[in-house]
Amino acid sequence: MENTALDNHMDLDKNKYMIEATHLTKSFNNLMVFKDLSIKVKKGEVLVVIGASGSGKSTLLRCLNHLEELDSGSVIIEGEKLNPKDKKMIRRITTKMGMVFQSFNLFPHMTAIQNVMEAPLVVKKEKKSEAQLKARKLLAKVGLKDKENFYPSKLSGGQQQRVAIARALAMNPDIMLFDEPTSALDPELVGEVLNVMKDLAKDGMTMVVVTHEMGFAKEVADRVIFMDGGKILEQGTPEQVFSHPKEDRTKAFLDKVIK
């Protein structure tokens, strides 16, 4: 009898796809968000998804992480197909994906280090000493070594978002999903969050980033997808999409957002 798990692992090594999402369809009541949408993300790739509000970008991320249930289609993470009915499998596979949202969602009654330690302690049952050491290292990684005992109310928006990134990394994810992580920040705080994300990209983290920060997309993305009306209208390297867009809708969007 064939070893399916081993076969999946061998396929992953050969194809190096961390995410394979095919024929995804999602609607809310009578509103179709996207239909027959497919994407693949290679190991270590930084995929940036751009497009106007309401084009389905954030919903796509939430479906990849099973925060929203698909109407149809399949999602394969690191060679394993998600079975929506298998709750244990979903929990196990989705812990491989860290997600950072627009809002920081930090626990207000916990310090920065406590926020970062919480999931490893509760979900992974790590020892407190191990979780604390890892949390300290991650806060240092995002430039907040001196803020570990600060409560969220005493941190700026940019600092809170960096704690949120450290919290996601504390689960040792293989993939990071970012849903417009700088959209709630004052302009002067955007750079400090983007710099952390750039460092993650340099470290080889597989990332899918929904963002309106076109400068970040140009500099860091391996591939850019432009979504409009729930469809992928165009994709390619940053050079191809930003400097030589083929679709009129892409050109019109870029003309509005790039000054």
Side-chain angles (χ1 to χ4, degrees), residues 5 8-9 12 18-21 41 43-44 58-70 74-145 147-153 155 159-181 193 196-197 199-200 203-210:
N8 283 342
H9 180 69
L12 180 63
M18 299 292 274
I19 300 172
E20 295 176 84
V41 185
K43 185 174 183 179
S58 294
T59 302
L60 171 61
L61 284 193
R62 294 178 68 85
C63 286
L64 293 179
N65 205 23
H66 206 71
L67 294 173
E68 295 285 353
E69 194 163 332
L70 289 161
S74 67
V75 176
I76 298 173
I77 304 297
E78 296 187 69
E80 282 194 89
K81 184 177 179 180
L82 269 66
N83 178 0
K85 295 180 180 179
D86 189 339
K87 302 304 180 185
K88 284 186 178 180
M89 179 197 199
I90 293 295
R91 280 196 297 271
R92 177 173 57 79
I93 294 179
T94 53
T95 55
K96 298 179 180 181
M97 293 185 281
M99 188 155 180
V100 178
F101 301 88
Q102 297 177 40
S103 54
F104 320 126
N105 297 325
L106 298 179
F107 295 115
H109 62 289
M110 293 184 179
T111 62
I113 194 167
Q114 289 170 336
N115 266 282
V116 177
M117 290 170 60
E118 182 69 4
L121 287 173
V122 174
V123 179
K124 288 197 166 185
K125 309 298 183 186
E126 290 184 7
K127 292 180 180 178
K128 185 175 180 180
S129 58
E130 292 175 0
Q132 188 176 55
L133 179 61
K134 180 166 64 176
R136 283 210 169 98
K137 288 180 179 178
L138 287 170
L139 287 171
K141 183 180 180 69
V142 299
L144 294 174
K145 184 178 181 180
K147 303 291 185 183
E148 66 176 50
N149 293 317
F150 281 56
Y151 288 91
S153 62
L155 299 173
Q159 290 169 336
Q160 289 184 61
Q161 191 62 296
R162 284 186 280 157
V163 173
I165 293 172
R167 179 180 60 184
L169 291 172
M171 292 295 286
N172 300 320
D174 297 330
I175 301 162
M176 285 288 288
L177 308 177
F178 292 89
D179 184 12
E180 299 189 21
V193 174
V196 171
M197 294 168 66
D199 287 342
L200 286 176
D203 290 344
M205 176 65 75
T206 304
M207 297 162 62
V208 183
V209 183
V210 170

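Throughout, numbering of the chain's residues begins at 1 and tracks the sequence. Because the structure is a prediction, the values reported are computed rather than measured.
- Within a 6.0 Å sphere centred on NZ of Lys137, other residues, nucleotides and ligands contribute 12 heavy atoms or fewer.
- The minimum heavy-atom distance between Thr94 and Asn65, with the atom names listed, is CG2-O, 3.4 Å.
- Here the straight-line distance linking atom CG of Asp179 with atom OG of Ser103 works out to 9.0 Å at 0.5 Å rounding.
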Exercise. Hey, mind stepping through Leu200 and Ile165 against side chain to side chain contact (heavy atoms under 4.5 Å, CB included) and telling me if it holds?
Worked result: CA-CA 10 Å; Leu200 286 176; Ile165 293 172; 4.2 Å; yes
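- Every residue two or more places apart in sequence or in another chain that forms a salt bridge (Lys or Arg N to Asp or Glu O under 4.0 Å) with Lys96 is listed here: Glu80.
- Expressed to the nearest 0.5 Å, how far CZ of Arg167 lies from CD of Gln114 amounts to 13.5 Å.
- Scanning for side chain to side chain contact (heavy atoms under 4.5 Å, CB included) contacts around Lys85 gives Asn83, with sequence neighbours left out.
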Exercise. Val142 and Val163: side chain to side chain contact (heavy atoms under 4.5 Å, CB included), yes or no, with the steps?
Worked result: CA-CA 8 Å; Val142 299; Val163 173; over 6 Å; no
Exercise. Should Arg162 and Lys147 be marked as a side chain to side chain contact (heavy atoms under 4.5 Å, CB included) after you check the CA-CA gap, both sets of side-chain angles, and the distance that decides it?
Worked result: CA-CA 11 Å; Arg162 284 186 280 157; Lys147 303 291 185 183; over 6 Å; no
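- Remark: the backbone N or O of Gln102 is not paired with any side-chain donor or acceptor of Glu180 at under 3.5 angstrom.
- Nearest approach of Met197 to Pro181, heavy atoms of both residues: SD-CG, 3.7 Å.
- When all heavy atoms are compared, the tightest approach of Pro108 to Tyr151 is O-CD2, 3.6 Å.
- Rounded to the nearest 0.5 angstrom, Phe104 CZ and Gln159 CD are separated by 10.5 Å.
- Between the CG atom of Leu138 and the CG atom of Asn172 there is a distance of 8.0 Å, given to the nearest 0.5 Å.
- Atom CG of Leu67 is separated from atom CZ of Arg62 by 5.0 Å, given to the nearest 0.5 angstrom.
- A 4.5 Å side-chain heavy-atom check between Pro173 and Met97 finds every atom pair outside the cut-off.
- Here Lys127 pairs with Ser129, Glu130 under the side chain to side chain contact (heavy atoms under 4.5 Å, CB included) rule; sequence neighbours left out.
- Arg136 pairs by the salt bridge (Lys or Arg N to Asp or Glu O under 4.0 Å) definition with Glu148, not counting sequence neighbours.
- Take Ile76 and apply the side chain to side chain contact (heavy atoms under 4.5 Å, CB included) test, not counting sequence neighbours, and it matches Glu20, Lys81.
- Scanning all heavy atoms of the two residues, the minimum distance from Ala131 to Leu121 falls at CB-CD2, 3.9 Å.
- The two residues Ile93 and Ile77 have their closest heavy-atom pair at CG2-CB, 3.5 Å.
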Exercise. Given the rule in the side chain to side chain contact (heavy atoms under 4.5 Å, CB included) test, do Ile175 and Leu64 qualify, once you have shown the distances and angles that lead to the verdict?
Worked result: CA-CA 11 Å; Ile175 301 162; Leu64 293 179; over 6 Å; no
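- The distance from atom OG1 of Thr206 to atom CG of Asp174, rounded to the nearest 0.5 Å, is 7.5 Å.
- Under the salt bridge (Lys or Arg N to Asp or Glu O under 4.0 Å) criterion, Lys141 pairs with Asp203, sequence neighbours left out.
- In terms of heavy-atom proximity, Phe178 sits nearest to Leu61 at O-CD1, 3.3 Å.
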